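Note that this is a predicted model, so its numbers are computed, not measured.
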Amino acid sequence: MKTKIWMFLALALASAGLSFAQQAAPAAGASPVAKQPKPKSQKEVEALQAMFGAQDADGRLTASKNLLTKFADTEFKSLAYTMMAMAYQQKNDTENMIAACEEVLKIDAKNFNAMIMIASALAQRTREFDLDKEEKLARAEKLATDAQAAIIAAPRPNPNVTDEQWNAAKKDYNSQALEALGLAALARKKNDVAIAKLKESVETSSQPEPATMVRLASVYNLDNKPDAALAVLDKVMAIADLHPTIRQVAQAEKVRATQIKGAAKPAAPAPPPAAPKP
């Protein structure tokens, strides 16, 4: 699940505004910090706390919609729609996830979270004979590329996030944009480009996503490179606490790679004919 970074940064940003205290000035020499949203009343603070304290996707949806309904002028509107998008993602409701991300981009055109989420969804859902295939893939690629540019220029979300933490997080965001580009290339059947982007995504992430690694192995198999696939899958299977579904898919890809490798072996030479009997 790709929401772990987004959730951390969303919570960090929100927590910086959940009081009426004056914000601390950035440390000397530190990079710029984004403008901090502020609640306008204690009731809004309570609504925000409910949103970020929700324990499941349905709870986050309810609390986010409550905030948007009761506090139409809230400065946390972008974050509320982001929380909704992540909740819909957890529920595998792609249509509503994309719709929530579109609302985020109306408020914040440089929001790379939303760009990446839409790009990944479009790339994964586009099929070979879709009438709007080119339109969807072109948008996925543009959003992922625009996200990469926005990531580079993005200020720290709040003063509590250090430059070191932010630079590491930006690398992981960029890794996700690379994965979206890889998925778009795969939808275009450009296996070489897909491999390059997915491999770069894995190699540049601070903690590679097992699902991305399995996707990379799958494309290696599609490209008839079973040894490369097996090398990646061995690393996946060695991950502690690997999600059972990912383990199952990885195991299936490993069987597939072994079969591809076996089929590529030349047939054993026929034994020489027996010597004629005298």
Side-chain angles (χ1 to χ4, degrees), residues 1-7 57 86 89-94 97 116-130 133 136-137 140-141 144 148 168-169 171-270:
M1 179 65 67
K2 294 300 181 68
T3 58
K4 63 178 185 293
I5 300 173
W6 299 330
M7 185 68 75
M86 292 188 293
Q89 185 183 60
Q90 283 184 285
K91 292 168 68 70
N92 294 315
D93 185 344
T94 306
M97 182 271 283
I116 294 169
M117 291 178 79
I118 296 173
S120 295
L122 291 176
Q124 290 182 71
R125 298 183 71 199
T126 302
R127 299 293 177 261
E128 183 176 0
F129 298 109
D130 287 353
K133 173 183 175 181
K136 289 190 291 188
L137 292 180
E141 290 163 343
Q148 289 181 301
K171 285 181 63 177
D172 286 340
Y173 279 116
N174 187 66
S175 170
Q176 293 173 25
L178 286 166
E179 181 181 12
L181 289 169
L183 293 171
L186 179 60
R188 293 186 186 279
K189 296 189 175 180
K190 295 182 177 181
N191 292 350
D192 56 337
V193 177
I195 287 172
K197 295 297 183 182
L198 291 172
K199 184 179 179 184
E200 187 178 358
S201 174
V202 169
E203 291 177 346
T204 58
S205 176
S206 64
Q207 185 176 354
E209 288 281 346
T212 308
M213 297 172 73
V214 174
R215 287 190 178 111
L216 173 59
S218 175
V219 185
Y220 275 134
N221 277 336
L222 284 174
D223 211 39
N224 202 33
K225 296 175 179 175
D227 286 329
L230 288 168
V232 174
L233 291 166
D234 284 342
K235 292 178 182 179
V236 174
M237 300 298 284
I239 295 173
D241 301 323
L242 183 65
H243 191 283
T245 301
I246 296 177
R247 184 177 295 279
Q248 183 178 8
V249 176
Q251 186 60 50
E253 286 296 335
K254 193 167 184 178
V255 170
R256 185 177 168 206
T258 303
Q259 291 171 339
I260 294 170
K261 187 173 181 178
K265 290 182 178 179

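Residues L122 and A140 come closest through the heavy atom pair CB-CB, 4.0 Å. Between A119 and A144 the shortest heavy-atom distance is CB-N, 4.0 Å. Across all non-hydrogen atoms, the minimal contact from S120 to L183 is O-CD1, 4.5 Å. Taking both residues in full, the closest heavy atoms of A180 and A123 are given as O-CB, 3.9 Å, listed atom of the first, atom of the second, then distance.
Atom CE of M213 sits about 12.0 Å away from atom CD of E179, to the nearest 0.5 Å. Atom OG1 of residue T126 and atom NZ of residue K136 lie 4.0 Å apart, to the nearest 0.5 angstrom. Here the straight-line distance linking atom CD of Q90 with atom CE of M97 works out to 12.0 Å at 0.5 Å rounding. Here CG of N221 is found 10.0 Å from CG of L216. Values are rounded to the nearest 0.5 Å.
Under the side chain to side chain donor-acceptor pair (under 3.5 Å) criterion, Q148 pairs with N174, sequence neighbours left out. With sequence neighbours left out, S205 forms a side chain to side chain donor-acceptor pair (under 3.5 Å) with D172. S218 is linked by a side-chain contact (heavy atoms from CB on, under 4.5 Å) to E253, R256, counting only residues two or more places apart in sequence or in another chain. In terms of the side chain to side chain donor-acceptor pair (under 3.5 Å) criterion, residue partners of R125 (sequence neighbours excluded) are, by chain and number, E95. With sequence neighbours excluded, the residues satisfying salt bridge (charged side-chain N to carboxylate O under 4.0 Å, His left out) with K91 are D58. With sequence neighbours excluded, the residues that form a side chain to side chain donor-acceptor pair (under 3.5 Å) with Q124 are R215. Qualifying salt bridge (charged side-chain N to carboxylate O under 4.0 Å, His left out) partners for D223, counting only residues two or more places apart in sequence or in other chains: K225.
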Please list, one pair per line, the donor and acceptor atoms closer than 3.5 Å that link side chains of residues 185-199 to other protein atoms, with sequence neighbours excluded.
residue, atom, partner, partner atom, Å
R188, NE, E141, OE2, 2.8
R188, NH1, E134, OE1, 2.8
R188, NH2, E134, OE2, 3.3
R188, NH2, E141, OE1, 3.1
K189, NZ, E128, OE1, 3.2
K189, NZ, E128, OE2, 3.3

Validation: residues 226-241 side-chain donor-acceptor distances under 3.5 Å, sequence neighbours left out:
residue, atom, partner, partner atom, Å
D227, OD1, K261, NZ, 2.9
D234, OD1, K254, NZ, 2.8

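Atom NZ of K133 is surrounded by more than 12 heavy atoms from other residues, nucleotides or ligands within 6.0 Å.
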